[in-house]
2 protein chains.
Amino acid sequence: MHTDDLAIELLRSAAGLSRWASRHADLEIPWAQARVLSLLEELGPARITALAEVDATSQPTMTTQVQRLEATGWAHRTPDPADGRATLVSLTAAGHEALATARRARAAALRPVLEQLDADPERLRTATAVLTELLEATRTTPAREPGRAGS
Amino acid sequence: MHTDDLAIELLRSAAGLSRWASRHADLEIPWAQARVLSLLEELGPARITALAEVDATSQPTMTTQVQRLEATGWAHRTPDPADGRATLVSLTAAGHEALATARRARAAALRPVLEQLDADPERLRTATAVLTELLEATRTTPAREPGRAGS
DNA sequence: CACTTTACATAGGTAACCTATCCAAATCAA
DNA sequence: TTGATTTGGATAGGTTACCTATGTAAAGTG
């Protein structure tokens with residue numbers, strides 16, 4: 001099916017580009033932690049479990065990540081007033097700043113590439129919009145559990 | 001600068017999408033290893049050092065990855081006839097197959113998202129083309145070493 | 001022929017993940 | 001209200017994927 005070829009190529013390039021940007025940027029923060037900061041920005045104060053689910057990681061992994069973020073001062077935990085078991089994780093101002101810095105660093109790494117390509121801004125805008133829509137769509141997709149093969 | 005905002009958004013979506021696909025796909029192979037297979041396919045038989053450089057990892061890391069790939073039967077090492085120190089790494093048929101399978105799995109995970117979006121094929125094609133061009137461009141970009149801050 | 005460089009391997013450490021399990025708070029049954 | 005179940009999070013222990021520092025042997029170089 002031709003659509004799948006397109007999807008394969010889309011994912012291949014997206015992955016390659018993102019990795020390249022990360023590896024050539026001066027990141028002062030491990031990328032996995034930046035990802036959690038990004039989630040926190042997107043969701044607002046959230047529970048560990050909710051974060052783990054959206055990030056598609058295990059709950060223990062998310063617990064550890066949040067602990068690291070808190071130790072660095074990028075995130076803050078408050079007991080959930082509505083549920084004694086739960087904690088609400090939120091971004092601190094420093095965390096917000098760290099996220100912005102990391103994003104700028106990745107974009108800066110990519111800048112020479114964009115310039116070299118001298119890309120048509122319109123196509124670039126289209127590409128970005130498509131990717132954003134796709135990512136948005138993943139948030140509301142049934143999410144076929146990995147574990148069974150699905151043709 | 002507006003271009004940077006665009007770049008930030010582009011990278012954010014690309015990273016998110018790629019990760020989502022990986023996490024929701026049934027991968028029988030660690031993604032980092034699939035990446036090396038992908039490089040081998042792209043470069044043909046190559047030295048450890050060359051692979052490390054293109055993948056922007058350290059040489060010891062690449063040594064380990066290649067060892068793992070060889071142990072699983074996905075890659076094959078031959079001494080470089082032209083240089084007694086070097087080894088040439090190449091894909092085996094099984095490696096080629098494993099790579100194709102992993103790619104199909106990621107694409108399959110993305111399929112419901114594409115369908116849900118019912119995306120205009122033309123825009124999708126444009127987005128893919130732009131990403132591919134950008135990734136292509138990274139291969140020939142001066143690659144500002146990470147280690148110094150760049151503007 | 002020593003001297004340096006180059007290609008790779010090894011050693012030892014950390015981050016980022018996993019499953020399995022535990023604890024405490026919340027909920028549900030009767 | 002008590003006892004059993006579910007749910008939110010933490011802990012334990014292991015693997016993969018990375019790193020820097022260093023070792024070893026082959027290749028180039030004066």
Side-chain angles (χ1 to χ4, degrees), chain A residues 15 19-20 22-39 43 45-72 74-90 102 145-147, chain B residues 15 19-20 22-39 45-72 74-89 102 145-147:
Chain A
R19 176 177 171 84
W20 190 91
S22 278
R23 302 303 300 207
H24 291 84
D26 282 323
L27 295 176
E28 302 155 351
I29 172 178
W31 185 244
Q33 288 176 41
R35 236 176 41 225
V36 178
L37 293 182
S38 182
L39 283 182
L43 300 179
R47 297 179 170 195
I48 300 270
T49 307
L51 291 171
E53 190 165 337
V54 179
D55 198 37
T57 59
S58 67
Q59 169 264 310
T61 296
M62 188 53 71
T63 291
T64 307
Q65 294 294 22
V66 168
Q67 282 170 347
R68 284 200 251 248
L69 290 178
E70 191 180 30
T72 328
W74 286 329
H76 180 242
R77 295 151 46 113
T78 40
D80 186 338
D83 189 332
R85 298 164 299 181
T87 59
L88 291 176
V89 186
S90 47
E145 275 311 305
Chain B
R19 176 176 171 86
W20 190 90
S22 279
R23 302 303 299 209
H24 292 84
D26 283 323
L27 295 177
E28 302 155 352
I29 171 178
W31 185 244
Q33 288 176 40
R35 237 176 41 225
V36 177
L37 293 182
S38 181
L39 283 182
R47 296 179 171 197
I48 300 269
T49 307
L51 291 171
E53 189 164 337
V54 179
D55 197 38
T57 59
S58 67
Q59 168 263 310
T61 295
M62 188 54 70
T63 291
T64 308
Q65 294 294 23
V66 168
Q67 282 170 348
R68 285 200 249 247
L69 290 178
E70 191 180 31
T72 328
W74 286 328
H76 181 241
R77 295 151 45 112
T78 40
D80 186 337
D83 188 331
R85 299 162 298 177
T87 59
L88 291 175
V89 186
E145 273 311 306

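These numbers come from a predicted model, not from an experiment. All values below were derived from every heavy atom in this structure, side-chain atoms included, with hydrogens, water molecules and symmetry-related copies excluded. Proteins get letters first, then strands, A, B, ... in listed order; numbering begins at 1 in each.
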Q.
For a 4.5 angstrom cut-off between non-hydrogen side-chain atoms, does A/Leu88 reach A/Arg77?
A. no
Q) Between A/Leu27 (CG) and D/dC18 (P), how many Å, whole number? A) 14 Å
Q.
Show the nearest heavy-atom pair for residues B/Trp74 and B/Gln33, with the distance to one decimal.
A. CZ3-OE1, 4.0 Å
Q: Can you see which heavy atom on B/Ser22 is nearest to which on B/Leu27, and at what distance?
A: O-CD1, 3.8 Å
Q.
Between B/Leu37 and B/Ile29, is there a side-chain heavy-atom distance shorter than 4.5 Å?
A. yes
Q | Salt bridge flag under 4.0 Å for residues B/Arg19 and A/Asp55 | A | yes
Q: Quickly work out the B/Gln33 CD to D/dT15 P distance and round it to whole Å.
A: 15 Å
Q) Taking the nucleotide of DNA chain C with the closest heavy atom to each, which residue, B/Ile48 or B/Arg19, is nearer the 5' end? A) B/Ile48
Q: Can you tell me the distance, in whole Å, between the CE atom of A/Met62 and the P atom of D/dT11?
A: 17 Å
**Q.** Minimum-distance pair of heavy atoms, taken over all atoms of B/Ser58 and B/Ala52
**A.** O-CB, 3.8 Å
Q.
Measuring to OP1 and OP2 of D/dC18, would you say a side-chain N or O of B/Arg68 lies under 4.0 angstrom away?
A. no
Q: Look at the side-chain N and O atoms of A/Arg23 and state whether any lies under 4.0 Å from the OP1 or OP2 oxygen of D/dC19.
A: yes
Q.
How long is the straight-line distance from CE of A/Met62 back to CG of A/Leu69, given to the nearest 0.5 Å?
A. 9.0 Å
Q) Counting any heavy atom closer than 4.0 Å, what does A/Thr87 reach on the DNA or RNA strands: base, sugar-phosphate only, or nothing? A) sugar-phosphate
**Q.** Close side-chain approach of B/Thr57 and B/Gln65, heavy atoms under 4.5 Å
**A.** no
Q | B/Arg47 (side chain) donor-acceptor with B/Ala86 (main chain) under 3.5 angstrom | A | no
**Q.** Rounded distance (Å) that lies between atom C1' of D/dG8 and atom CD of A/Gln67
**A.** 14 Å
**Q.** Global bending angle along the helix from C/dC1-D/dG30 to C/dA30-D/dT1, which compares the axes of five pairs at either end, to 10 degrees
**A.** 10°
Q. Side chains of A/Gln59 and A/Thr63: is there a donor and an acceptor less than 3.5 Å apart?
A. yes
Q) What string of B, S and - do you get for nucleotides 20-30 of chain D 5' to 3' if you count protein non-hydrogen atoms under 4.0 Å? A) BB----BS---
Q | Positional range of nucleotides in DNA chain C within the contact set of chain A, heavy-atom, under 4.0 Å | A | C/dA15 to C/dA26
Q. What heavy-atom pair brings A/Leu39 and A/Leu51 nearest, and what distance separates the two atoms?
A. CD1-O, 3.9 Å
